[in-house]
Amino acid sequence: MGDVTVGIVGLGNVGSGALAILAENAAQISVKLGFGLRVVAVCSRTVQTKTLPAALGSVLRTADWREVVTHPEVQIVAELVGGTAVAREILDTAIANGKSVVTANKELMASCGHEIWDRAIQAGINLAMEASVCGGIPIHAVLREGISGDRVTALYGILNGTSNYILTEMEKRSEPLAAVLSEAQALGYAEADPSADIDGFDARSKLAILAALAFGEKITPADIFVEGIRRISPMDFQYAHTLQHTIRLVGAARQTSDGLILSVRPALIPQSTILAGVQGAYNAVWVKGVYGEDTFYYGRGAGPRPTGVAVVSDLMRVAREIRSGSPERVSPFAHERLGEYRPVPVTVQKRAYYLRFRVDDRPGIIAKLAGILASKNISLESVLQEPCDTKHDLPFVITVEPTSEQSIRDAVEEMSRLDFLREPPLALPMETSL
Ligand SMILES: NC(=O)c1ccc[n+]([C@@H]2O[C@H](COP(=O)([O-])OP(=O)(O)OC[C@H]3O[C@@H](n4cnc5c(N)ncnc54)[C@H](OP(=O)(O)O)[C@@H]3O)[C@@H](O)[C@H]2O)c1
């Protein structure tokens with residue numbers, strides 16, 4: 001049987017990883033498929049400077065992606081460029097030319113995946129996007145196939161390896177975020193502009209895709225409340241530990257009687273929970289279903305080889321579909337709004353909260369803060385204070401019993417106007433039931 005042919009656009013981290021696996025693992029891949037996967041064209045802006053694996057043989061090299069997506073021999077295009085502008089053009093042109101597509105692009109699929117998928121179905125081609133979320137964890141296959149018979153009630157994830165690396169290093173070494181971040185940048189673990197990672201936007205795109213797959217809703221990034229990790233400090237880990245908790249950037253999508261509550265934010269999670277064991281740059285997704293109950297998926301969230309495996313496995317899946325003549329008929333984004341999974345604002349959620357203060361100490365501070373909490377019907381649970389050298393920048397923590405996010409926001413806003421505060425209070429939800 002003849003080979004299925006592939007064109008790769010983008011030879012950066014993911015493209016080079018995928019290419020290396022296609023070359024090194026070609027024999028196994030063709031045994032598993034019953035036919036070969038052959039790369040016939042590759043593209044990057046600086047393609048002439050790239051060294052391609054010798055085992056690939058003769059391949060068209062070009063800096064113009066159009067030459068790949070219109071190449072008569074290419075059956076599947078892998079878009080591994082990233083961003084939303086050129087990537088969108090690449091996907092649209094590939095689909096218009098009848099090519100099947102594999103993409104690792106979370107940003108694009110989170111913002112307009114449903115439109116792209118609709119176009120792919122109309123064109124009768126196949127589309128796959130496993131590498132777009134959690135690199136090496138095959139979470140799309142899990143949600144679309146593995147546990148698709150279940151009815152998902154909640155999904156929690158550690159979806160950004162860089163921020164998880166930073167938080168777990170801060171926790172281990174009691175170092176401030178800025179120091180760990182610059183070290184991560186020097187080692188190449190974090191981008192020069194770290195905003196997408198530490199402000200939660202990367203995790204938000206991933207959660208939008210996962211929630212769409214898990215709940216069959218058209219979820220967009222705008223439906224998800226996002227807050228990054230910039231305000232977390234070593235003292236927060238100290239207080240969290242006193243409470244037998246730790247702090248992680250958690251992506252959460254939960255069905256409630258009000259609707260679906262979606263957020264990416266730092267949260268206190270019990271030290272005993274399986275999510276707390278996810279250290280360094282690892283990712284994890286925890287899915288809760290009505291019938292199958294808990295399932296947990298763990299692995300490397302990024303990197304050329306783990307993400308390369310996801311791309312190559314998608315290429316294999318699409319190649320099988322091309323051979324068996326069965327393109328996708330139903331988009332994972334195409335469900336009608338089901339009502340019960342309608343996204344609702346995070347302000348309706350009820351949680352216990354951790355409130356951390358830094359104050360210029362004077363008598364009556366706790367009474368003042370407690371008064372504001374009482375005026376919003378919030379019950380105080382505990383007050384914690386670790387020893388501190390100065391009274392002018394004194395940290396302490398108040399935890400409160402479950403209350404609505406709206407009440408906490410109102411209280412924090414009022415507290416922020418108090419003249420003894422060195423900075424606005426830090427409010428983190430406590431995911432005590434995890
Ligand atoms: N990095 C990861 O571990 C990871 C994990 C999961 C998903 N992803 C996703 O995978 C995608 C690629 O990420 P990456 O880390 O591999 O990015 P990257 O290292 O920046 O590589 C991007 C590649 O695209 C090429 N490119 C950019 N604009 C182009 C254009 N107009 N025409 C032709 N080629 C162009 C670049 O060419 P030059 O090399 O010539 O500059 C480069 O080879 C993104 O969507 C990302 O979100 C990445």
query: Where do Thr246 and Glu171 land on the side-chain hydrogen bond (donor to acceptor under 3.5 Å, both in side chains) test, with the steps shown first?
result: CA-CA 8 Å; Thr246 184; Glu171 180 170 31; 2.6 Å; yes
Check [Y] with [X], please: is the shortest side-chain N to carboxylate O separation under 4.0 Å?
{"X": "Glu405", "Y": "Arg409", "answer": "yes"}
{"X": "Arg248", "Y": "Glu431", "answer": "no"}
{"X": "Glu414", "Y": "Lys376", "answer": "yes"}

When you measure from the side chain of Asp197 to the backbone N and O of Thr162, does any donor-acceptor pair fall under 3.5 Å?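 Checked: no pair found.
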* **Donor-acceptor contact present, side-chain Asn160 to main-chain Ala203, <3.5 Å** => no
Any side-chain donor near an acceptor of the partner, [X] and [Y], under 3.5 Å:
{"X": "Glu321", "Y": "Ser326", "value": "no"}
{"X": "Arg254", "Y": "Gln349", "value": "yes"}
{"X": "Ser233", "Y": "Asp236", "value": "yes"}

Tyr298 and Tyr282 aromatic ring geometry - parallel, tilted or perpendicular at 30°/60° bounds: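 Tyr282 and Tyr298: parallel rings.
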side-chain hydrogen bond (donor to acceptor under 3.5 Å, both in side chains) assessment of Gln122 paired with Asp118 = CA-CA 6 Å; Gln122 275 165 22; Asp118 286 350; over 6 Å; no
So CG of Leu19 and CG of Leu56: to nearest 0.5 Å the spacing works out to 5.0 Å
ask   = Of the non-hydrogen atoms in Pro425 and Ser416, which two are nearest, and what is the gap between them?
value =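 Minimum heavy-atom contact is CD-OG, 3.6 Å.
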Scanning both residues in full, the closest heavy-atom pair of Ile76 with Ala319 reads CD1-N, 3.9 Å
